[in-house]
Structure formats: structure tokens, C-alpha cells
Amino acid sequence: MIPATFEYEKVTTVDEAIAALSNDDTKILAGGHSLIPAMKLRLNRPAKLVDIGGIRGLKDIKEEDGEIVIGAAASHADIMYHTLIRHHLPLFTEGAAMIGDMQVRNHGTIGGSLAHADPAADWPAMVLAAGAAIEVQGPNGRRRIPATEFFTGLFSTALEPNEIITAVRIPVPANGAKSTYQKFAQPASRFALAACAVMRFADGKTNIAFTGVGENAFRDTGAEQAITGKAIDENTINAAVNAALEGVTVMSDHYASEAYRKHLAKVYLKKALMMVK
Amino acid sequence: MSTRIHVTVNGVEYSHFVEPRLLLVNYLRDVLRLTGTHVGCDTSSCGACTIHVNGKATKCCTMLAVQADGCQITTIEGLSHNGELHPLQEGFNECHGLQCGFCTPGMIMTAADLLQHTPQPTEQDIRHALEGNFCRCTGYHNIVKSVQYAAKKISEAAVVH
Ligand SMILES: Cc1cc2nc3c(=O)[nH]c(=O)nc-3n(C[C@H](O)[C@H](O)[C@H](O)COP(=O)(O)OP(=O)(O)OC[C@H]3O[C@@H](n4cnc5c(N)ncnc54)[C@H](O)[C@@H]3O)c2cc1C
């Protein structure tokens, strides 16, 4: 399978990338592990690709002003092997190891995954649970979009067509935070049939995010309220599990019916809460 | 419209004009005639096309040749040196790690990436690393043994030198 013809430009700065995006029908190429398969199937036929793989610094991972900053072009493997991440954000180390397979992790990027916003992708749940902000840049400069406002629907985000994601910024959790990512993977593709990311802070605040369940990844405020500030025990876990997914339209497809997926999501929430107990 | 690329494949430098839509696997197989890299599913699932790009295991059916400009590439053809098999190739031979052999180049290239990071992998590490490589003969047990053989051989050689 061969993609339709397109023009190709490799840029070396974010400004060049933004300038190139002013043309209609131009798409950013990062790791290519969502875009190229779609182009080979001719589901996607952009007239031009702008390769951001050569932008210096866009893969960097660092600590800055109390935040962990992950460059948009950092690969899943870059994040998984990074000691700063292992130290401050073990949620990302654990979750990155569950994305696809080794080869996919070597090329797929966090920025590409967030921009693509596959309803079953892993990063969206993790960035939501970690309370991250997505830093984007466009012709009018930079802005930060809280992860809770970023995912707007099926494959849809708050990103404007001429904006590029430059980084993900996560406040460094205070000592004593516990977290986990629990995923039921579709056995062939490894995408989540249902997955739950939980971050429990030392003060009892609890962030709970799901992916693979609805049209986009989301924070479950009902479940969060049932357990935030309370001891995690059988009663509060059950209360959170009962409160979860209230008002959420749960997806149904040939892998999992709505009822089965809802069941899985609740089981994986329960597992996650037991892990952060 | 063509774009010029420069790549180093198995230590040899090449430069060609390629169409942007040319997949790296087709560049290797059809332009350079390195047919050891196989096309299995052509949908980034099976791992038969795995090579190393700058040392990292890569499914090259999901990469454009233009993206490889300036990169160091190793294919299965570049793994043995001076006619001596790489420990992984020897391991697959010794432990019956292949049946039909179609998935073998990809299995070996993926395992080679694992051993760079994790020279003494557990069985679990090996199975996790090979998750993106399918063997339709289902010969997974012997594939795991072959990788264990290579890991042992490499670590013993490291002690001797
Ligand atoms: C076999 C296989 C298994 C997979 N399994 C999983 C899995 O289990 N879990 C999972 O989460 N994912 C999985 N993936 C998807 C993988 O993680 C993708 O790499 C990722 O979703 C997209 O990242 P990319 O860098 O490859 O983006 P690309 O494919 O390059 O781009 C994807 C989209 O994002 C846009 N884009 C890219 N970067 C930016 C940016 N910085 N700013 C704005 N827009 C941008 C592109 O224009 C394009 O529309 C799998 C993929 C494959 C091939």
C-alpha cells in the first residue's frame, strides 16, 4: 500500500512549521505512526507534509519552574527511559511501556498522540490524570491549554489548524503522590479497550481519567468526588466505582459492546484505586 | 517531485532522488535490493519489516524514505561481520528459532534492540520486547530460547575480553 502523492518539507524551527501550516491541506508529520498508516489506506491524503522531526530541542525532557516539560516530539520510548520521568512521574514510565510495541514506542511521539486524539490512545488519560497543560504555538504566539479542555470529541481537539503542539507541561507532584495506569489492551492492536489513569496526591486529592471508553478521554469528576480527601478502603472504592461514568456515552464496536466496555472500565478503575491505596 | 536523500545502510553510503511517498522498506528492497527485510502485513502490525534506524528498532513499512535522510540504517544483511554470524543469528540457528523463516529478520532486529538496552533480559522482558513481531508458525518458545542463547553468549564474551 502506497500513499497518494504529496509534497514534503523538512523544517528546522517551530516558526517554519507554523508558516508551512498556513497552506490548506498541509499536515504535520511527527513519528508518522498514525498518519502514515492512514495515508497508506488513503483515508488521509494531505497535499503536503511538514516533517518536524528535525526541530532542535523539540524532543527535550526537562524540569523548569516546578514543572516537568516534555517536548512534543519526544517519543514514547524517550519518555519511558528518562530518569527524570521515572523519578517524578512514574505514571508516565508505567503507561508509556504499554503503548503499542517497542518499534511503535521508538517512533510515535507524545505530541502526535495528543493531536491525533484517538479515542483509545494512552497519553490522553495519563496527561489528564497528571493535571497537565498542553503548550501550543500558532501565528499569534503561544498558549497553554489545560488537558481537561484539550480533548473535545472523537479525534477532535482544541488545537487550531495552524497551531502546533510544542510541549506537555506537568506540575511536579509533591512527595507522597501515588499513581497507576491500568489498561485492558485489545490483544492485536494494543490500543485500550478501556483504561484508567489515577493520580492520588499526598493531600488526598484524586484525579481519575479514562480512555477507550467514550468518544474522547475524560476526567471522571463523579468518581473523583467520591474518593477525594477520603481514605481509600473498600467502601470508598465501591462508592467511586458506582459513581463512575455517570452521564458518559460509552462506545460500542465489534470488539466490545457498551455494557462490556462499561464493566471493564469500572473493573479497571477498581484495580487502579487498589494500586494507589 | 523528488527529494534527495543521503543514508548509510550497513556501513555503505548511498544517495538517491526519491519520491516523498516512497516507503523506506521499498527503498531498501526495490532500490538497494536488500531483500532480507520482509513486508508482511504492510499495516505496521507484524514486525517482519523491522530494521534499525539510528540504532532503534523500526517498522520501516511505516516510515518514509525521506524521513531517513541523514540516518544510519542497519538491516539483517548488516548484522554479521566478516562472515561470522551475530550471536542472535547463531542462537536462532542453534535453538530452532525459525520454521518458515519469514518473520526471522524482523525478530532478530527487534531482539538486537532489546539486548542493547537490556543485556540480560528475563523471559518476560523478551516476550514484552517481541510483542510487535508475529510468527505465523507460532514458534515463539524457541524464539525466546534463541534470544536467551544470544544474551548468554554476548555476556560471556564481554567477561572474557
Ligand atoms: C501497530 C501500532 C500500535 C499502536 N498502539 C498504540 C497503543 O497501544 N496506544 C496508543 O496510544 N497509541 C498506539 N499507536 C499509535 C502511536 O502511539 C502513534 O505514534 C501516535 O498516536 C501518533 O504519534 P506520531 O508521532 O506517530 O504522530 P503522526 O502519525 O506523525 O501524526 C498524527 C497526527 O498528529 C498530528 N501531529 C503530530 N505532531 C503534532 C504536533 N506536534 N502538533 C500538532 N499536530 C501534530 C499530525 O499532523 C497527524 O494529524 C499505535 C500505532 C501503531 C502503528
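Letters A, B, ... are given to chains in the order of the sequence lines, protein chains preceding strands, and every chain is numbered from 1.
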Contacting moiety of A:L49, where chain B heavy atoms sit under 4.5 Å
side chain

Relative to the ring of B:H16, is the ring of B:Y27 parallel (under 30°), tilted (30 to 60°) or perpendicular (over 60°)?
perpendicular

Shortest non-hydrogen contact between B:A111 and B:V147, atoms and distance
CB-CG2, 3.8 Å

Identify which part of B:L130 has an atom lying under 4.5 Å from any heavy atom of chain A, answering side chain, backbone, both or neither.
neither

May I have the step-by-step check of side-chain hydrogen bond (donor to acceptor under 3.5 Å, both in side chains) for B:E94 and B:S146, ending in yes or no?
CA-CA 7 Å; B:E94 289 295 324; B:S146 308; over 6 Å; no

Please report whether the ring centroid of A:F155 lies less than 6.0 Å from that of A:H116.
yes

For chain A, find which of B:S45, B:G47, B:A57 contributes the most heavy-atom pairs closer than 4.5 angstrom.
B:A57

Does any N or O in the side chain of A:T12 come within less than 3.5 Å of the main-chain N or O of A:G54, such that one atom is a donor and the other an acceptor?
no

Looking at A:R42, I want to see if its CZ is surrounded by more than 12 non-hydrogen atoms of other residues, nucleotides or ligands under 6.0 Å.
yes

Would you please indicate if the ring centroids of B:H117 and A:Y81 are separated by under 6.0 Å?
yes

Against chain A, label B:T58 side chain, backbone, both or neither, depending on which of its atoms sit under 4.5 Å from a heavy atom there.
both

Region of A:A77 in contact with chain B, defined by heavy-atom distances below 4.5 Å:
neither

Do the side chain of A:R45 and the main chain of A:M39 share a donor and acceptor less than 3.5 angstrom apart?
no

Choice from A:L41, A:I2, A:D51, A:N106 maximising heavy atom contacts with chain B below 4.5 Å:
A:N106

Contacting region of A:L29 [heavy-atom separation from chain B under 4.5 Å]:
side chain

Which of the residues B:M109, B:K56, B:M63 is involved in the greatest number of heavy-atom pairs with chain A at under 4.5 angstrom?
B:K56

Checking B:E19 against chain A: side chain, backbone, both or neither under 4.5 Å from a heavy atom?
side chain

With a 4.5 angstrom heavy-atom cut-off, could you sort out which part of A:H33 is near chain B: side chain, backbone, both or neither?
both

Select one option (side chain, backbone, both, neither) describing which atoms of B:L114 are under 4.5 Å from chain A's heavy atoms.
both

